[in-house]
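None of the values given here were measured: they were computed from a predicted structure. First the proteins, then the strands, lettered A, B, ... as listed; each starts at 1.
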2 protein chains.
Amino acid sequence: MNPSPELCGTGHPIDTRAVAAKFAALSHPARIEILKCLSASRSCCCGEVVEHLDLAQSTVSQHLKILVEAGLVRFTPDRQRSRYEVDHEALAGVSASVAALVETCCRTAEPTS
Amino acid sequence: MNPSPELCGTGHPIDTRAVAAKFAALSHPARIEILKCLSASRSCCCGEVVEHLDLAQSTVSQHLKILVEAGLVRFTPDRQRSRYEVDHEALAGVSASVAALVETCCRTAEPTS
DNA sequence: ATGGTTCATCGTCGATAGACGATGAACCAA
DNA sequence: TTGGTTCATCGTCTATCGACGATGAACCAT
């Protein structure tokens, strides 16, 4: 699957699997909606997200877990509530990864950097 | 699933489903590897990609199809070959979508950096 | 025409995703 | 203690993903 960590020889690594994992976490509409919901309220408990999403509580909980495991959302237990908030730095990191990927794919030859 | 096209009320739309679809296309390591391979050679036929990827030809063909359907790769039949090349603009569009999402998710908090 | 490439598609198969309801733990209020 | 919340987890079910080999179409060669 991944014969070499560096395929195109541009001198820019880009951890393929890690990047793909981030994308996978963002590849479901509900999870993007959750991100927007979380950011709109700065932080939410699970129940608040459920109100916005028209999905069962267990389903939302699963999506939240996926986002947390992907490192895009921070989780803080708060009494019987659960605080979820966007990890802005991590999200910015994804943005940077995408930008790097795009740059790699547009720099069709010379090993810069 | 998607009760309103605009959830967080920031005035920034972001088509959730479309963005999620783009991410889904990028959510597999092989497809990212293919993108890097394509960009490294400017354009490839299917067989060239197969050489790089250690996957069956039919599998690679499927991945290429997914990328084409997602609008990230352009396809041009060329005799018995098939030319595949990265759609740089589309890829840049994904990058912009991510940036917009990040911005949306950070606007309610402090703009640290 | 014949044979060799290249590639997309089909059918299959196992694994995973994504949805749900049910359940139980942890917490609060009375 | 009792009862009501909130939430994570479990078990289940269906649908899709991702892999493969086989097949056939389209295209060179000779």
Side-chain angles (χ1 to χ4, degrees), chain A residues 1-3 16-35 37-38 41 43-86, chain B residues 1-3 16-35 37-38 41 43-86:
Chain A
M1 171 62 71
N2 212 348
T16 300
R17 304 184 70 90
V19 172
K22 299 285 187 185
F23 282 137
L26 294 172
S27 69
H28 196 288
R31 290 197 285 272
I32 292 186
E33 217 58 49
I34 287 176
L35 279 185
C37 180
L38 290 184
S41 303
S43 86
C44 290
C45 63
C46 182
E48 292 174 285
V49 180
V50 171
E51 287 178 3
H52 282 288
L53 277 198
D54 193 29
L55 283 174
Q57 176 267 326
S58 57
T59 305
V60 172
S61 186
Q62 281 186 144
H63 281 304
L64 282 166
K65 186 181 181 183
I66 289 171
L67 287 169
V68 169
E69 287 176 344
L72 300 177
V73 165
R74 272 193 302 269
F75 165 72
T76 315
D78 180 17
R79 303 301 175 183
Q80 80 246 58
R81 304 291 177 107
S82 291
R83 294 199 86 66
Y84 289 99
E85 51 187 333
V86 177
Chain B
M1 172 59 75
N2 211 348
T16 300
R17 304 183 69 90
V19 172
K22 299 284 188 185
F23 284 142
L26 294 172
S27 69
H28 195 288
R31 291 197 284 272
I32 293 187
E33 216 58 49
I34 287 175
L35 279 185
C37 181
L38 290 185
S41 302
S43 88
C44 290
C45 62
C46 182
E48 292 175 287
V49 181
V50 170
E51 287 179 3
H52 282 289
L53 276 198
D54 194 26
L55 283 175
Q57 177 267 326
S58 57
T59 305
V60 171
S61 185
Q62 281 187 144
H63 282 306
L64 282 167
K65 186 181 181 183
I66 290 172
L67 287 170
V68 169
E69 287 176 345
L72 301 177
V73 165
R74 273 193 302 269
F75 165 71
T76 314
D78 180 18
R79 303 301 178 182
Q80 79 248 55
R81 304 290 176 107
S82 292
R83 294 199 86 65
Y84 290 99
E85 51 187 332
V86 176

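Atom CG of B:Leu55 is separated from atom P of D:dG21 by 11 Å (rounded to the nearest Å). The CG atom of A:Leu67 sits 14 Å away from the C1' atom of C:dG18 (whole-angstrom rounding). In this structure, CZ of A:Arg17 is placed 13 Å from P of D:dG18, rounded to the nearest angstrom. Rounded to whole angstrom, the span from the CZ atom of B:Phe23 across to the C1' atom of C:dA17 amounts to 19 Å. Going from atom CD1 of A:Ile34 over to atom C1' of D:dC7 covers 14 Å, rounded to whole Å. With rounding to whole Å, B:Leu53 atom CG is found 15 Å from D:dC20 atom C1'. C:dT5 atom P lies 14 Å from atom CD of B:Glu51, rounded to whole Å.
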Protein-nucleotides 27-30 of chain C N/O pairs under 3.5 Å:
from   : atom 1 : to      : atom 2 : distance (Å)
C:dC28 : OP1    : A:Arg79 : NE     : 3.4

Write down the protein N/O and nucleotide N/O pairs, taken from nucleotides 8-16 of chain D, whose separation is under 3.5 Å; answer none if there are no such pairs.
from  : atom 1 : to      : atom 2 : distance (Å)
D:dA8 : OP1    : A:Tyr84 : OH     : 2.1
D:dA8 : OP2    : A:Ser61 : OG     : 2.7
D:dA8 : N7     : A:Gln57 : NE2    : 2.9
D:dA8 : N6     : A:Gln57 : OE1    : 3.1

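At D:dA19, one or more side-chain N or O atoms of B:His63 fall inside 4.0 Å of OP1 or OP2 (strictly under the cut-off).
The NE2 atom of B:His28 sits 10.5 Å away from the CD atom of B:Gln62 when rounded to the nearest 0.5 Å. The OG atom of A:Ser27 sits 14.5 Å away from atom NZ of B:Lys22, with the distance rounded to the nearest 0.5 Å.
Of all heavy-atom pairs between A:Ala30 and A:Leu55, the closest is CB-CD1, 3.9 Å. The two residues B:Tyr84 and B:Leu38 come nearest to each other via the heavy atoms O-CD2, 3.7 Å.
Side chain of B:Ser61 to main chain of B:Ser58: no donor-acceptor pair is present (N/O by atom type, distance under 3.5 Å, no hydrogens or angles). In this structure, the side chain of A:Arg31 engages the main chain of A:Ala25 through a donor-acceptor pair within 3.5 Å. Using modelled atom types, one side-chain atom of B:Glu48 and one backbone atom of B:Cys45 make a donor-acceptor pair closer than 3.5 Å.
Under the rule for a salt bridge (Lys or Arg N to Asp or Glu O under 4.0 Å), the partners of B:Arg83 that lie at least two apart in sequence or sit in another chain are B:Asp78.
The residue A:Arg31 sits close only to the backbone: its heavy atoms come under 4.0 Å of sugar-phosphate atoms, none of a base.
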*Begin from the C-alpha positions of A:Leu35 and A:Leu26 and carry the test side chain to side chain contact (heavy atoms under 4.5 Å, CB included) through to its verdict.*
CA-CA 9 Å; A:Leu35 279 185; A:Leu26 294 172; 3.5 Å; yes
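Set against C:dC20, D:dA19, C:dG18, the side chain of B:His28 has D:dA19 as its closest nucleotide.
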